[in-house]
Protein chains: 2
Amino acid sequence: MQFYQQQLKEKGLKTTYQRLKILDYLDTHRTHPSVEIIYEDIKSENPSFSKTTIYNTIETLKAHGLISTLTITGSEVRCDYKTDMHHHFYCRSCNRIFDVDLEQPLQPGSGLQGYAIDEMHSYFIGTCPACLKKK
Amino acid sequence: MQFYQQQLKEKGLKTTYQRLKILDYLDTHRTHPSVEIIYEDIKSENPSFSKTTIYNTIETLKAHGLISTLTITGSEVRCDYKTDMHHHFYCRSCNRIFDVDLEQPLQPGSGLQGYAIDEMHSYFIGTCPACLKKK
DNA sequence: TATAAATTTGTATTTATTACAATCTAATCC
DNA sequence: GGATTAGATTGTAATAAATACAAATTTATA
Ligand SMILES: [Mn+2]
Ligand SMILES: [Mn+2]
Ligand SMILES: [Zn+2]
Ligand SMILES: [Zn+2]
């Protein structure tokens with residue numbers, strides 16, 4: 001928790017219980033949870049937590065580079081404690097998102113001369129091993 | 001138009017004015033338009049066209065591999081006539097999506113052993129050259 | 001401890017998408 | 001060609017994620 005507090009201070013953000021809680025949640029739940037999931041989980045032990053706060057906090061933390069978000073499911077934002085570039089696999093069957101390692105990480109390349117790049121993503125969509133077994 | 005009709009037949013889909021129109025629209029508007037944009041444009045010359053039909057048709061055409069869709073903006077589905085794997089750049093400033101060529105096309109790699117892959121995407125987010133100039 | 005700025009909260013609103021039932025149409029068969 | 005029917009389109013209602021906003025609360029600073 002001390003570390004999160006320091007991160008917030010470095011970014012000029014006030015330390016609040018909510019921000020610490022969300023950072024901790026994402027750090028310990030590397031499952032790319034949706035806002036809804038985060039909300040349900042946190043709310044269960046902290047009923048006064050507001051969903052709007054989660055939206056606000058996710059936006060703030062992301063804007064300051066402390067977390068990242070994914071839009072690969074098409075229906076909701078998914079959150080990620082990791083901010084370094086890495087790749088994902090989205091299983092349509094169980095709705096889970098997995099981190100994947102690729103031999104060839106994504107590189108800008110000459111086709112992007114003149115573009116200012118903020119984010120790089122690559123991902124796969126399909127069915128994960130566990131779901132394949134069930135069928 | 002003859003070609004679209006043949007494509008539909010090959011997939012066992014009925015030929016309808018709406019499907020031909022949407023295929024033609026996407027073929028001639030390689031701008032990754034949203035459903036809303038497609039709707040506005042088509043409706044202007046064909047007021048009876050329904051937005052639901054566009055949603056339905058996009059889904060059907062995609063399911064049969066005749067078009068593809070992107071979810072990279074986070075707020076709406078964007079449509080693409082191209083179905084072969086290629087990469088994208090999303091400009092947050094003008095909301096446009098550009099096709100980009102990369103030296104290294106995305107490859108599954110050993111990190112995805114056991115996964116069944118339906119789609120592969122990679123994309124960049126940032127500011128396009130035109131928007132950079134304006135600032 | 002008092003203060004100001006920032007944050008949280010609850011509610012209302014917006015927007016994209018889906019559900020659904022009635023109507024219509026394309027393909028098939030006579 | 002005309003009747004049949006499965007499939008497609010349409011309009012409306014419903015859902016769900018995300019945003020807007022203002023009041024209440026809290027943090028950091030003095
Ligand atoms: Mn991740
Ligand atoms: Mn494209
Ligand atoms: Zn799965
Ligand atoms: Zn731009």
Side-chain angles (χ1 to χ4, degrees), chain A residues 1-2 4-23 25 32-40 42-43 46-64 66-67 69-79 90 92 95 97, chain B residues 1-2 4-23 25 32-40 42-43 46-64 66-67 69-79 90 92 95 97:
Chain A
M1 280 293 186
Q2 211 63 13
Y4 307 137
Q5 192 153 5
Q6 186 190 338
Q7 279 191 307
L8 292 172
K9 182 164 276 179
E10 279 172 8
K11 298 297 181 180
L13 298 170
K14 284 187 176 171
T15 301
T16 67
Y17 171 79
Q18 290 83 350
R19 284 171 178 169
L20 294 174
K21 188 73 193 175
I22 289 172
L23 276 171
Y25 183 90
H32 310 92
S34 63
V35 167
E36 183 63 29
I37 295 290
I38 298 170
Y39 177 65
E40 299 293 341
I42 291 181
K43 196 184 178 70
N46 201 313
S48 72
F49 226 98
S50 163
K51 194 186 280 188
T52 300
T53 296
I54 297 179
Y55 278 108
N56 292 340
T57 303
I58 292 300
E59 186 192 6
T60 301
L61 295 179
K62 178 181 175 168
H64 289 81
L66 300 184
I67 64 167
T69 60
L70 307 172
T71 59
I72 69 186
T73 76
S75 62
E76 84 249 297
V77 165
R78 302 283 284 260
C79 305
Y90 170 53
R92 276 214 186 85
N95 202 37
I97 294 175
Chain B
M1 282 290 185
Q2 211 61 15
Y4 307 136
Q5 191 153 7
Q6 185 189 338
Q7 279 191 307
L8 292 172
K9 183 164 276 180
E10 280 172 6
K11 298 296 181 181
L13 297 171
K14 284 188 178 174
T15 302
T16 68
Y17 172 79
Q18 290 83 349
R19 284 171 178 170
L20 294 174
K21 187 76 194 174
I22 290 172
L23 276 171
Y25 182 91
H32 311 92
S34 63
V35 166
E36 184 63 29
I37 295 290
I38 299 170
Y39 177 65
E40 299 293 341
I42 291 181
K43 196 184 177 69
N46 201 314
S48 72
F49 225 99
S50 163
K51 194 186 281 187
T52 301
T53 296
I54 297 180
Y55 277 106
N56 291 339
T57 303
I58 293 299
E59 186 192 5
T60 302
L61 295 178
K62 179 181 175 170
H64 289 83
L66 300 183
I67 65 167
T69 60
L70 306 172
T71 60
I72 69 185
T73 76
S75 62
E76 83 249 298
V77 165
R78 303 283 285 258
C79 304
Y90 169 54
R92 275 213 187 87
N95 202 34
I97 294 175

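Order of the sequence lines sets the chain letters (A, B, ...), proteins ahead of strands, with each chain counted from 1.
Expressed to the nearest 0.5 Å, how far NZ of Lys62(A) lies from SG of Cys79(A) amounts to 9.5 Å. Note that NZ of Lys21(A) and CZ of Phe49(A) are 8.0 Å apart. Values are rounded to the nearest 0.5 Å.
Note: CG (Asn95(B)) to P (dA16(C)) measures 11 Å, nearest angstrom. Atoms CD (Glu10(A)) and C1' (dA28(D)) sit 18 Å apart, rounded to a whole Å. Between the C1' atom of dT17(C) and the NZ atom of Lys62(B) lies a distance of 14 Å, rounded to the nearest Å.
Defined by atom type and a distance below 3.5 Å, a donor-acceptor pair is missing between the side-chain atoms of Gln2(B) and Gln6(B).
Residue Gly74(B) comes nearest to Thr71(A) through the heavy atom pair CA-CG2, 3.6 Å, listed as atom of the first residue, atom of the second, then distance. A pairwise comparison of heavy atoms in Arg19(B) and Lys14(B) identifies NH1-O, 3.0 Å as the closest pair.
Of the two residues contacting DNA chain C, namely Thr15(B) and Val35(B), the nearest-nucleotide position lying further toward the 5' end is that of Val35(B).
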Less than 3.5 Å apart, which donor and acceptor atoms pair up between the side chains of residues 52-60 of chain A and the rest of the protein, not counting sequence neighbours?
residue, atom, partner, partner atom, Å
Asn56(A), ND2, Thr52(A), O, 3.4
Thr57(A), OG1, Thr53(A), O, 2.7
Thr60(A), OG1, Asn56(A), O, 3.0

Where protein sits on nucleotides 7-17 of chain D, one letter per nucleotide: B base, S sugar-phosphate only, - none, heavy atoms under 4.0 Å:
SSSBBB----S
